[in-house]
Amino acid sequence: MGKLNNGLFGGFSGRVGNLVGYMLNGKPVIRLIGHSTKKLTPARKANCQKMTVVNSFLRSNMTFIRNGFRLITAGTDQNFYNAAVSYNKKHAVKGEYPNLNMDYSKAMVSMGSLLKAGKTEISQHEDGVEFNWEVPADLPWLNRNDRAMLLIHFPDADVSTYVLSGSRRHVGKEVVAIDPNLANSRMEAYISFINEDATEISDSVYAGSLNIKSIEPENVEEETLEKPAEIREKTNKINQHKKATAKQVFKTPVRKKLKQQLSGFPAPS
């Protein structure tokens, strides 16, 4: 049931028929809802899978995404999540339908105008994952005390761990503690910076990945050679069967009778 907020001619909240009214960033919004009966085209199917892939990534990073995109959407009709979906759906999905996946190296978890991180490296230790970022010699004084925002995403477990206010930019490093149960899991890492009064934030930078398992070449070679070996074995069996059959023909009564008839002819001169 809908609810009138400011009298008969004001906006409403809730659902009335197939209309829904709500507030978006301080503004009243009404949208139409319904169910499409049209058959999904390949393009629409691909779009649906893109949304599924991106939503799976963003929802496990919701707190970080909220902080990462709230400033760039302030004062607009767009909210932080829509902005994050819009960018990552366009730039961070790879493959062809129905095999679409996240391209983690192109994903963004924050967006803003603050000076972003330079070259960053990650390494794993007993205490967690260490981020080391480049501190330029000519780093502006105003950016020295920016705080690092660090995110580690675990794709296989679909969870993340993060630090929203880490070391100051001029320190150049920070260690992020992780769940010991996830120590051997695949990790995708990101770094952003936010200024001291949280009025500016930087674009995120992909810091790298850890524990990505690859297929061993030896296994691939064994699987590749297995089929030709089977074919050779079957061919040998077929040839052996043909030879045995040919020998058997020469032992039949018909063959013996033919040899007796031929033996009556004189030898050629």
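Here the structure is a predicted model, which means the values were calculated and not measured.
In the model, S204 has no side-chain atom that pairs as donor or acceptor with a side-chain atom of S192 under 3.5 Å. Using modelled atom types and a 3.5 Å distance limit, the side chains of T199 and N195 yield a donor-acceptor pair. Remark: the N99 side chain and the N101 side chain contain no N/O donor-acceptor pair separated by less than 3.5 Å. A donor-acceptor pair shorter than 3.5 Å cannot be found between the side chains of N47 and Q49. Remark: the K106 side chain and the N88 side chain contain no N/O donor-acceptor pair separated by less than 3.5 Å.
A continuous path of Ile, Leu, Val, Met, Phe, Trp and Tyr side chains, each step under 4.5 Å between heavy atoms, connects Y87 with M62, placing both in one hydrophobic cluster. Both M51 and I65 are assigned to one and the same hydrophobic cluster, defined by single-linkage of ILVMFWY side chains at heavy-atom distances under 4.5 Å.
Between atom CG of residue D156 and atom OG of residue S185 there is a gap of 6.0 Å, rounded to the nearest 0.5 Å. Between atom NZ of residue K39 and atom CZ of residue R44 there is a gap of 12.0 Å, rounded to the nearest 0.5 Å. To the nearest 0.5 angstrom, H170 atom NE2 is 5.0 Å from R144 atom CZ. Note that CZ of R186 is 6.5 Å distant from OG of S209, once rounded to the nearest 0.5 Å. In this structure, C48 SG and L100 CG are separated by 11.0 Å, a value rounded to the nearest 0.5 Å.
Members clustered with I178: L114, L115, I122, V129, F131, W133, V135, L139, L150, I152, F154, V159, V163, V176, L182, M187, I191, F193, V205, L210, by chain and number, using a 4.5 Å side-chain heavy-atom cutoff among hydrophobic residues.
A salt bridge is defined here as a Lys NZ or Arg NE, NH1 or NH2 lying under 4.0 Å from an Asp or Glu carboxylate O, and R168 with E196 meets this definition.
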**Message:** Assess the residue pair E130 and K173 against the criterion (side-chain contact (heavy atoms from CB on, under 4.5 Å)); give the C-alpha distance rounded to whole Å, side-chain angles, the decisive distance to 0.1 Å, and a yes or no.
**Reply:** CA-CA 7 Å; E130 182 175 313; K173 64 179 180 179; 4.3 Å; yes

**Request:** Dump the intermediate steps for side-chain contact (heavy atoms from CB on, under 4.5 Å) on E200 and S113, then the final yes or no.
**Result:** CA-CA 7 Å; E200 288 186 275; S113 58; 3.6 Å; yes

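With contacts defined as side-chain heavy-atom distances shorter than 4.5 Å, the pair R169/N145 does not qualify. Residues V175 and H125 have side chains not in contact (no heavy-atom distance under 4.5 Å, counting atoms from C-beta outward). Using a 4.5 Å heavy-atom threshold, the side chains of Y97 and K50 count as separate. With a 4.5 Å cut-off on side-chain heavy atoms, L151 and V109 count as touching.
Between F57 and H153, the ring planes lie perpendicular to each other; the angle is over 60°, past the 30° to 60° tilted range.
Using a distance-only test at 3.5 Å, with no hydrogens or angles considered, no donor-acceptor pair links the side chain of S202 to the main chain of G112.
In this structure, Y206 has its ring center at least 6.0 angstrom away from the ring center of Y104.
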